[in-house]
Amino acid sequence: MLTSGWKSVSMVDVHGKVTFTLWLCGCNLKCPFCHNWRIAEGLDCFPLDRKVLVEELESSSFLIDYFHVTGGEPLMQWRELGSLFAEVKLLEVPVSLNTNLTIVGPLEKLLKANLVDHIATDLKAPPKLYGLPERPAERLWNLFLRGLDVVSDYEIPLELRIPVAKGFNQWFYIEEGLRRLNTDFYVVLNPLVGKPLTNPRDEDWCSKHCWPEKEVKVLKTKLEELGVRVYLSDF
Ligand code: SF4
């Protein structure tokens with residue numbers, strides 16, 4: 001597997017939880033605000049030393065709530081990931097997966113094998129936030145909705161992150177996503193930020209659409225009116 005590294009104790013990768021976090025390389029999307037774009041594009045990556053990882057995880061396991069895998073898009077390497085999750089399960093450490101939910105068949109295989117205990121995903125809306133031409137982006141949005149169905153079918157607890165961009169009204173898509181959810185979930189609103197806090201893939205895009213203000217307040221109010229638990233990310 002290709003990785004850019006891991007952190008044995010992290011308190012910022014899953015809301016309110018302590019995680020051992022592993023970053024895997026590669027991604028099928030091109031989100032303009034991506035601050036992990038070097039990992040997504042396979043830069044700064046090296047082969048994972050699985051034995052060292054598992055030993056380190058075992059020694060930190062008493063401290064952590066989840067072994068959390070993020071990226072990039074971890075399901076780009078889903079076969080090896082499934083095998084790693086099976087090994088982690090032997091340590092009795094719960095597994096959390098951060099995925100863009102568009103690689104649905106492999107996701108379902110991992111859930112069916114009972115290898116994942118928690119999912120985190122971004123609801124990227126409108127689909128132009130995928131950074132791809134319109135038709136592929138719409139297809140990916142439909143795959144994402146199918147991914148939400150699968151997470152609901154297997155009743156996996158979900159952290160639904162909503163990146164909030166200045167000037168976008170994504171309510172139609174948010175409602176469409178929420179309607180698919182039939183599992184325990186909460187929302188983390190993630191206002192997009194550009195430099196100096198992050199190094200996004202597309203600085204021009206971020207100069208227009210990062211640092212939203214009123215959009216975050218409006219969304220938080222609308223979601224709370226629906227009875228959704230909402231948190232703000234640390235930015
Ligand atoms: S934000 Fe996530 S899904 Fe989008 S390009 Fe970056 S790693 Fe991939």
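These values consider heavy atoms only, across backbone and side chains, with no hydrogens, waters or symmetry-generated copies. Order of appearance sets the numbers: ligands from 1, and atoms from 1 within every ligand.
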Just one of Glu55, Glu80, Glu87, Glu56 clears the salt bridge (charged side-chain N to carboxylate O under 4.0 Å, His left out) bar with Arg50, so which one?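 By the salt bridge (charged side-chain N to carboxylate O under 4.0 Å, His left out) criterion, Arg50 pairs with just one of Glu55, Glu80, Glu87, Glu56: Glu87.
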Scan side-chain atoms only and decide if Asp122 and Asn100 contain a donor-acceptor pair under the 3.5 Å cut-off.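 Per modelled atom types, Asp122 and Asn100 side chains form no pair under 3.5 Å.
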Distance only, no hydrogens: is a donor on one side chain within 3.5 Å (strictly under) of an acceptor on the other, for His68 and Thr19?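 The answer is no; no qualifying pair exists.
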Evaluate the side-chain proximity of Lys222 to Trp171: yes if any heavy-atom separation is below 4.5 Å, no if none is.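 Trp171 reaches Lys222 side chain to side chain.
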Considering only heavy atoms from C-beta outward, does the side chain of Leu129 approach that of Cys31 to under 4.5 Å?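 Sidechains of Cys31 and Leu129: no contact.
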Quick one: look up the protein heavy atom nearest atom 4 (Fe) of ligand 1 and list residue, atom name and how far away it is.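 It is Cys31 SG, 2.3 Å.
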Salt bridge between Lys220 and Glu224, side-chain N to carboxylate O under 4.0 Å?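 Salt bridge flag = yes for Glu224 with Lys220.
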Which of the listed options, Pro200, Gly72, Pro163, holds the heavy atom that is closest to atom 7 (S) of ligand 1?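 It is Gly72 that holds the nearest heavy atom.
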Between Cys27 and ligand 1, which residue portion shows a heavy-atom distance shorter than 4.0 Å: side chain, backbone, both, or neither?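 Only the side chain of Cys27 comes within reach of ligand 1.
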So which bit of Glu73 gets within less than 4.0 Å of ligand 1, heavy atoms only: side chain, backbone, both or neither?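 Within the 4.0 Å criterion, Glu73 makes no contact with ligand 1.
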Touching ligand 1 at all, Lys124? Heavy atoms, strictly under 4.0 Å?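 Heavy atoms of Lys124 do come under 4.0 Å of ligand 1.
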Which atoms from ligand 1 have a heavy atom of Arg201 less than 4.0 Å away?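 With Arg201 as reference, the close atoms of ligand 1 come out as 5 (S).
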For Leu29, counting its heavy atoms only, list the atoms of ligand 1 lying under 4.0 Å from any of them.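 Here the atoms of ligand 1 in question are 3 (S), 5 (S).
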Under 2.8 Å from atom 6 (Fe) of ligand 1, is there any N, O or S atom belonging to Cys34?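 True for Cys34.
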